[in-house]
A.B. asks: 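Got a structure here, written out as structure tokens. Questions coming.
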Amino acid sequence: MAKRSRKTFYEGAMETFNRAADLVLLNARVRLEIEEPDFEHIFYVTIETRDRLAPLEPKAQREFKDLPPSGVSAAGALEPLADGKFVLHRRALLDADINMRRGVINIPGKGLFRVERGGPRKFKAYRVQHNQVRGPYKGGIRFHRDCSLDLFKALAADMTWKTAIAEVPFGGAKGGVRIDPLLFSREEIEAISLRYVYKLKNLMGPFVDIPAPDVGTNGEIMAFMMRQYTDGEREHHALRGVVTGKDVRIGGSEGRLKATGQGIVYCIEEWARDRGVSLRGARVLVQGFGNVGGATAEILAALGARVVAVNDAFGTVHAEQGLDVEALLAHCHATPGNLKRTVAGFAGGTAISKADFWALDADILVPAALGEEIDAEVAEQLKVKLVAEGANGPTTPDGDEVLQRRGIDVIPDVICNAGGVTVSYYEWLQNQKLEKWTEAEVNQRLERTIKSNYAIIRDVARNTPRRTTLHNSRPYCVGQETDVRTAAVCLALRRIEAHYLLEGFSQ
Ligand code: NAD
């Protein structure tokens with residue numbers, strides 16, 4: 001059998017766990033309890049897809065060039081998708097004047113299309129519930145092409161560490177659906193979301209497992225999921241905490257949308273304070289310009305930093321003097337034709353390659369896209385002083401070694417992007433109490449939580465046990481220095497272990 005050369009996501013993620021468990025002399029039974037997830041759910045969701053109009057292949061264009069145009073005037077009848085196709089909604093037929101020849105139609109201003117029949121489709125779905133000793137399972141739902149059990153196991157374990165580090169009373173989970181959401185209509189995404197919750201309903205709840213948005217999902221999808229869970233339930237208003245990251249008008253929290261970015265910036269501020277440098281004029285690279293990357297760039301720019309380049313799944317833009325972040329956000333998220341929500345094509349910057357992006361001269365890199373982007377090769381090219389991990393697992397174990405050797409600081413994901421789950425906890429609290437907090441209240445609490453736990457991790461890494469008005473690192477230092485990533489997991493493991501040891505094990 002061929003030798004497997006690459007570690008799985010989970011094996012990579014658990015290397016840090018094993019190092020930290022050795023350092024904190026983790027209780028042997030606790031180690032067994034948390035080194036594998038509690039539950040790994042794999043299931044399937046099916047939906048009926050709508051008919052689509054697919055651009056006619058070039059070789060058939062001549063044959064249909066004299067096809068009379070079809071008039072489709074109902075608003076929203078044709079929904080554009082990122083692959084150039086249109087979803088044909090049934091309402092399109094209400095007042096349409098259709099001329100079809102052998103399944104081809106001519107839409108004025110859009111071109112010739114072949115009608116593709118919709119029908120039932122099946123998607124693989126996952127939910128990994130890693131640990132719940134500190135509270136209900138908690139973690140995002142990802143809609144993405146590259147999903148696997150291995151990936152969700154790693155991300156769910158990360159959530160267990162993260163909720164412990166942020167000191168929120170939750171455990172860890174992660175899940176999602178293997179799908180490219182850019183290729184489906186809003187109604188199809190709604191159907192997938194509803195079906196996902198239909199299948200998972202007995203396994204979730206405000207005190208059981210609480211999903212949130214992640215890559216490819218958003219507040220609208222959380223609303224669909226909440227509706228599906230609470231539909232027909234007595235006291236349904238008291239069940240709003242079943243998902244977080246909702247729109248503020250239906251029980252979401254002020255500040256949640258930007259919370260992950262805000263938390264990243266609080267960490268970067270502490271790093272800068274520690275190093276005695278200012279963020280004003282600091283040069284920043286951002287990878288991923290969705291919820292996390294966009295908010296981080298916006299907040300850093302407001303503090304006077306210069307976002308000199310942004311890379312996403314479809315391109316990279318660069319401006320030596322700094323990009324106009326507000327204009328870039330509008331380009332991505334408020335331009336109707338920009339279906340991929342990409343920075344590509346932004347007029348306020350120059351297009352560069354991804355390889356050139358990594359090699360740019362800058363102070364701070366914020367990876368806020370997918371995992372495993374910073375491998376050893378990329379880490380060798382970086383010219384930054386800090387990698388602030390907005391994404392989950394953006395650095396491979398090999399990449400980590402190179403960053404350490406080259407003296408590039410890292411703020412690990414489990415503290416750096418913990419702002420999202422922290423404000424998710426505030427949202428859940430507000431839902432329990434039917435309260436509404438202001439953004440200022442939310443951010444004040446978030447800042448205190450992130451900065452005090454950041455300070456504990458820094459002390460654990462340097463082995464400098466201290467008690468200040470903001471934090472107390474004495475119970476967590478392990479008697480020797482360690483890297484920051486391991487220090488963060490040491491903090492998590494001590495907090496998790498306390499629950500097992502003080503509460504005991506249910507038999
Ligand atoms: P999103 O879907 O809103 O945005 C993802 C961004 O990454 C997009 O700009 C996309 O173009 C880009 N991208 C995708 N593949 C890429 C590639 N191969 N190369 C470069 N760019 C690529 O997702 P998000 O919610 O912003 O999440 C981003 C990361 O942050 C993920 O790793 C997620 O797990 C993590 N995270 C999110 C939250 C949250 O609250 N949303 C909280 C904690 C961590």
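Just so you know, ligand 1 is whichever comes first in the structure, and atom 1 is the first atom listed for that ligand. For clarity, every value in this text was computed on a predicted model and none was experimentally measured.
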A.B. asks: Quick one: salt bridge (charged side-chain N to carboxylate O under 4.0 Å, His left out) pairs with a partner in residues 293-317, sequence neighbours left out?
C.D. replies: Lys258-Glu298
A.B. asks: Which residue pairs pass the ring-ring contact (aromatic ring centres under 6.0 Å, His included) test when at least one of the two sits in residues 304-346, sequence neighbours left out?
C.D. replies: His331-Phe346
A.B. asks: Looking at Trp428 versus Phe207, is the centre-to-centre ring distance below 6.0 Å?
C.D. replies: yes
A.B. asks: Grab the two heavy atoms, one from Val292 and one from Ala368, that are nearest each other, plus how far apart they are.
C.D. replies: CG1-CB, 3.9 Å
A.B. asks: Can you classify the ring geometry of Tyr426 versus Trp437 as parallel (below 30°), tilted (30 to 60°) or perpendicular (above 60°)?
C.D. replies: tilted
A.B. asks: Return the protein residues near ligand 1 (heavy atom under 4.0 Å from any of its atoms), ordered by chain and residue number.
C.D. replies: Arg142, Pro213, Asp214, Val215, Gly216, Arg256, Thr260, Gln287, Gly288, Phe289, Gly290, Asn291, Val292, Asn311, Asp312, Ala313, Lys354, Ala368, Ala369, Leu370, Glu373, Gly390, Ala391, Asn392, Asn417
A.B. asks: Tell me, please, which residues at least two apart from Tyr196 pass ring-ring contact (aromatic ring centres under 6.0 Å, His included).
C.D. replies: Phe43
